[in-house]
Amino acid sequence: MTDKIYDVIIVGGGQSALACAFFLRRKELDYLILDDQDSCGGSWKQTWETLTLFSPPEHSSLPGWQMPESAGEFPTKAETIDYLCQYEDRYDFPITRPVKVRAISKGGDIFTLETTQGPFNSKAIISATGTFKNPFIPDVAGREKFEGEQLHSADFQSSGKFAGKKVVIVGEGNSGAQILAEVSKVAETFWGTKEAPQFLPDDVDGRVLFDMASAKYYAEKKGETYDSSKFNLGNIVMVPSVKEARKRHVLHSEGQLQSITEGGVIWENGAYQEADVIIWCTGFGYSTGFLKNLVSIDNKGKIPTDKTKAKEIDGLWLVGYGGWTGFASATLIGVGRYARQTVKEVSDYLKA
Ligand code: FAD
């Protein structure tokens with residue numbers, strides 16, 4: 001048990017935490033990062049082996065230090081993890097691993113964090129725990145009856161073990177398209193999508209999406225509205241693996257899944273498809289369960305916030321949760337501006 005009271009504790013040690021730490025360090029606040037992983041890299045360590053970023057290094061960088069050149073057009077998973085690890089070392093952030101924060105309580109002005117390494121205390125908390133620990137699978141009728149294998153994209157590593165199988169891939173986002181592109185090289189694939197997949201033009205990658213995010217941010221700051229519907233951040237980016245899959249004519253949707261049986265799936269048009277595997281690329285909730293003693297949380301993990309600040313309790317901020325706490329804030333380049341603003345608010349709060 002330590003009696004020390006930090007100014008700020010950041011929960012989580014991925015890219016969002018590092019962006020916040022960059023600005024906290026400048027403010028010379030006494031802060032600590034608690035991360036439940038064994039080593040650096042956040043959730044990138046758990047993603048599939050062939051995942052690449054959808055923008056080049058200069059559009060995939062945290063504040064202060066640009067990601068080094070990539071061997072290819074887009075940085076690989078390994079290059080991204082390497083960048084995050086080097087970023088931590090460069091700024092010598094105080095990080096303790098592995099420490100899982102189980103719950104937080106507040107007495108007076110001080111938060112006490114209950115963790116796997118005992119209690120920690122702080123005057124303010126920044127939650128930067130991402131989404132990866134809270135995979136979402138929709139409640140499709142008959143799902144529990146399926147006798148084949150089911151997994152979420154969060155647990156997908158590589159396509160090898162699916163060779164020769166019949167694989168249903170569910171979800172029309174980037175994960176669904178990219179996993180379909182991989183698995184279709186070795187297996188017979190069937191793509192289940194709720195809506196028709198929306199492919200971005202070939203020349204629209206993360207650069208364009210980020211420029212659009214910036215235009216929206218500055219327009220809204222001036223009180224103007226900005227129509228960002230042209231290029232939705234959730235639409236499919238034509239990364240090289242997806243372009244290659246298009247050439248093989250495998251990016252074809254069967255429509256929505258109506259139900260699941262012991263041996264396969266039934267599509268919305270009533271057709272039956274035998275299947276050995278279902279891969280759910282159906283997104284994530286937010287990894288905020290450890291906040292449940294402090295604030296109200298909905299079934300996706302969302303809590304009431306004003307931008308990044310929790311509404312129901314003073315001293316708590318949430319950074320990096322995409323559209324919820326900042327448009328494009330779940331990207332390397334997008335999180336910086338929300339981290340900067342949040343740290344300013346934290347610093348003002350601590351002074352007051
Ligand atoms: P995470 O990376 O998830 O880090 C959170 C950390 O907190 C983890 O280490 C986690 O283990 C830890 N943690 C969680 N709960 C606790 C707890 N209770 N106590 C202690 N520690 C905890 N982003 C880009 O910028 N560019 C891209 O091109 C891009 N492409 C993507 C493609 C796909 C298919 C996917 C799925 C994502 C992509 N992303 C991309 C998004 C990016 O991977 C995530 O948004 C990013 O990892 C979020 O960073 P984070 O720091 O907020 O969360």
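Counting starts at 1 for both ligands and their atoms, in listed order. This one's a predicted model, so the numbers in the text were calculated from it and none came from an experiment.
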Give a yes-or-no answer on whether the side chains of Glu345 and Gln341 include a donor-acceptor pair shorter than 3.5 Å. yes
Strictly by side-chain hydrogen bond (donor to acceptor under 3.5 Å, both in side chains), give each pair with a member in residues 146-159 just once, sequence neighbours left out.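 Residue pairs with at least one partner in residues 146-159: Arg143-Gln150, Glu149-Lys161, Gln150-Trp280.
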Looking at Val11, Val101, Thr116, which one forms a side-chain contact (heavy atoms from CB on, under 4.5 Å) with Leu34? Val101
For ligand 1, would you mind listing the residues that have at least one heavy atom less than 4.0 Å away, ordered by chain and number? Val11, Gly12, Gly13, Gly14, Gln15, Ser16, Leu34, Asp35, Asp36, Gln37, Gly42, Ser43, Trp44, Trp48, Leu51, Leu53, Phe54, Val99, Lys100, Val101, Ala128, Thr129, Gly130, Lys133, Ser175, Phe290, Gly320, Ala330, Thr331, Leu332
Donor-acceptor pair, side chain of Lys77 and main chain of Lys45, under 3.5 angstrom: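 Judged by distance alone, yes, a pair lies under 3.5 Å.
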Please confirm whether the backbone N or O of Tyr31 pairs with a side-chain atom of Arg25, one donor and one acceptor, at under 3.5 Å?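 Not confirmed, Arg25 side chain does not pair with Tyr31 backbone.
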So, are Lys145 and Glu262 salt-bridged, with charged N and O less than 4.0 Å apart? no
